[in-house]
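Below is one structure, written out as structure tokens; the observations come after it.
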Amino acid sequence: MTSPASPDSAASAASPGAAFPTVPAPPAPPVPATLALPEAPVRLSGLGLVLREWVRGDLTAMREAFDDAEVDRWTPLPSPFDHAAAVDRLARAAEDRAAGRRLCLAVTEDGGPALGEVLVFPDAHAPGGVEVGYGINPRHRGRGLASRGVRLMTEFAYDTLRAHRVVLRIDVGNDASSAVARATGFVPDGAAPTTEMSKGRAHRLVTWVHPGRHALDRAGQHTDDRPVGAPRSK
């Protein structure tokens with residue numbers, strides 16, 4: 001006797017010669033891409049910066065960096081960004097890092113106080129690619145922290161994560177971040193902007209693509225550090 005769930009149960013109940021249309025099985029859900037992150041804490045040094053992982057002692061610095069009108073405008077982070085928001089984000093960053101969903105690194109000059117953040121996560125539009133985002137404390141903008149941090153993270157993406165493509169996604173209205181993209185060697189991909197919603201606002205995002213590992217040595221630096229505008233990047 002076949003079970004009701006077996007493939008043979010429907011055929012045994014049908015009259016001889018009855019034809020039943022073949023219903024294709026639904027496609028399997030895509031397997032979420034993950035980052036192949038090192039087990040040891042990540043620490044990137046160069047260009048006068050040290051990028052390191054966030055720790056609990058950074059909560060005040062995180063709040064000061066992200067409780068800002070520009071961060072509210074261009075990212076999905078909550079506003080106001082208070083102590084509770086910092087605690088929640090630190091916990092989620094640790095969970096995402098463990099699962100390979102994203103890596104958030106504090107931007108410092110010597111491994112000490114956090115001045116902002118650069119993060120990397122899988123590119124949902126291109127398997128094997130990654131997307132980079134950033135946010136810099138408003139008191140420390142204008143010093144090239146964002147452009148230098150993006151260059152370090154881009155190098156890490158190629159050399160350690162083995163990404164075949166690195167992108168930024170920036171709102172068409174975010175001129176400052178577009179300037180950082182140009183200064184670090186990224187170029188628009190030529191496609192029409194995509195629209196994504198964040199906090200009730202529509203963001204028209206241009207995809208900026210890095211030309212490859214070889215271009216890192218030619219990329220310049222820029223002094224504007226306003227946050228990059230991909231809503232899902234935070």
Side-chain angles (χ1 to χ4, degrees), residues 30-38 42 44 51 53-54 66 70-71 73-77 89 92-93 95-107 116-136 145-174 176-199 201-213 215-216 219 222 225-234:
V31 177
T34 57
L35 303 175
L37 295 171
V42 174
L44 310 179
L51 307 185
E53 300 196 34
W54 290 99
F66 296 152
E70 289 289 309
V71 173
R73 181 181 182 187
W74 302 119
T75 81
L77 288 174
R89 191 165 190 283
R92 288 192 294 111
E95 293 171 359
D96 288 345
R97 193 253 195 261
R101 289 189 292 265
R102 67 174 171 171
L103 176 67
C104 303
L105 298 182
V107 176
E117 175 182 87
V118 178
L119 68 157
V120 63
F121 51 97
D123 182 357
H125 303 276
V130 299
E131 184 173 339
V132 172
Y134 69 82
I136 301 296
L145 297 174
S147 58
R148 287 181 282 158
V150 167
R151 290 185 68 193
L152 286 178
M153 186 65 90
T154 300
E155 182 177 1
F156 173 77
Y158 286 130
D159 294 349
T160 301
L161 302 181
R162 301 300 180 187
H164 72 80
R165 189 174 93 143
V166 182
V167 303
L168 303 170
R169 288 196 168 86
I170 302 175
D171 192 288
V172 294
N174 193 341
S177 281
S178 297
V180 170
R182 284 190 292 271
T184 49
F186 289 78
V187 294
D189 68 352
T194 59
T195 299
E196 295 189 10
M197 298 297 298
S198 176
K199 295 187 287 192
R201 296 192 292 261
H203 293 263
R204 297 180 62 236
L205 304 178
V206 174
T207 298
W208 294 72
V209 182
H210 195 267
R213 178 66 175 81
L216 283 170
H222 194 271
D225 293 313
R226 278 183 278 179
V228 74
R232 64 188 173 283
S233 69
K234 293 291 183 179

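The figures that follow rest on heavy atoms only: side chains count, while hydrogens, waters and symmetry mates do not. A quick note: this is a predicted structure, and the numbers were derived from the prediction, not measured.
Taking the six-membered ring where tryptophan is involved, the planes of Phe186 and His210 are perpendicular, since the angle between them exceeds 60° and thus also 30°.
Val42 has its side chain within reach of Arg97: a pair of non-hydrogen atoms, C-beta onward, lies under 4.5 Å apart. In this structure the side chain of Arg92 reaches within 4.5 angstrom of the side chain of Arg102, judged on heavy atoms. Considering only heavy atoms from C-beta on, Ser178 comes within 4.5 Å of Trp208 through its side chain. Here the side chains of Phe156 and Leu103 are in contact, with some heavy-atom distance below 4.5 Å.
Across Ala202 and Thr195, no two heavy atoms sit closer than the pair CB-CG2, 4.0 Å. Here the shortest heavy-atom pairing between Ile170 and Ala181 reads CD1-CB, 3.8 Å. What you find for Leu105 and Trp54 is that their closest heavy atoms are C-NE1, 4.0 Å. The shortest non-hydrogen separation linking Leu168 to Val132 is CD2-O, 3.2 Å. Nearest heavy atoms, Ala33 versus Pro122: O-CG, 3.4 Å.
In terms of modelled atom types and a separation under 3.5 Å, the side chain of Lys199 and the main chain of Thr75 share a donor-acceptor contact. Side-chain atoms of Thr160 do not come within 3.5 Å of backbone N or O of Ala157 as any donor-acceptor pair. Remark: side-chain polar atoms of Glu117 are not paired, donor with acceptor, to backbone N or O of Gly135 under 3.5 angstrom.
With rounding to the nearest 0.5 Å, the separation of CG in Leu161 from CG in Leu35 is 5.5 Å. Atom CG of Leu152 and atom CG of Leu51 lie 5.0 Å apart (nearest 0.5 Å). For the atom pair His164 NE2 and Asp123 CG, the distance stands at 8.0 Å (nearest 0.5 Å). Distance CG/Leu216 to CG/Asp159: 8.0 Å, rounded to 0.5 Å. Summarising the geometry, atom CD belonging to Glu131 is positioned 8.0 Å from atom CG belonging to Leu205; distances are rounded to the nearest 0.5 Å. Atom CG of residue Asp171 and atom CD of residue Glu196 lie 10.5 Å apart, to the nearest 0.5 angstrom.
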Next on the checklist: One pair to check against side-chain contact (heavy atoms from CB on, under 4.5 Å): Arg89 and Phe66. What are the steps and the verdict?
Outcome noted: CA-CA 11 Å; Arg89 191 165 190 283; Phe66 296 152; 3.8 Å; yes
Next on the checklist: If you apply the rule side-chain contact (heavy atoms from CB on, under 4.5 Å), what do you find for Arg151 with Arg148, and how did you get there?
Outcome noted: CA-CA 5 Å; Arg151 290 185 68 193; Arg148 287 181 282 158; 5.7 Å; no
Next on the checklist: Assess the residue pair Ser177 and Tyr134 against the criterion (side-chain contact (heavy atoms from CB on, under 4.5 Å)); give the C-alpha distance rounded to whole Å, side-chain angles, the decisive distance to 0.1 Å, and a yes or no.
Outcome noted: CA-CA 9 Å; Ser177 281; Tyr134 69 82; 3.0 Å; yes
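The side chain to side chain contact (heavy atoms under 4.5 Å, CB included) test applied to Val172 returns Pro193, Arg204, Val206, not counting sequence neighbours.
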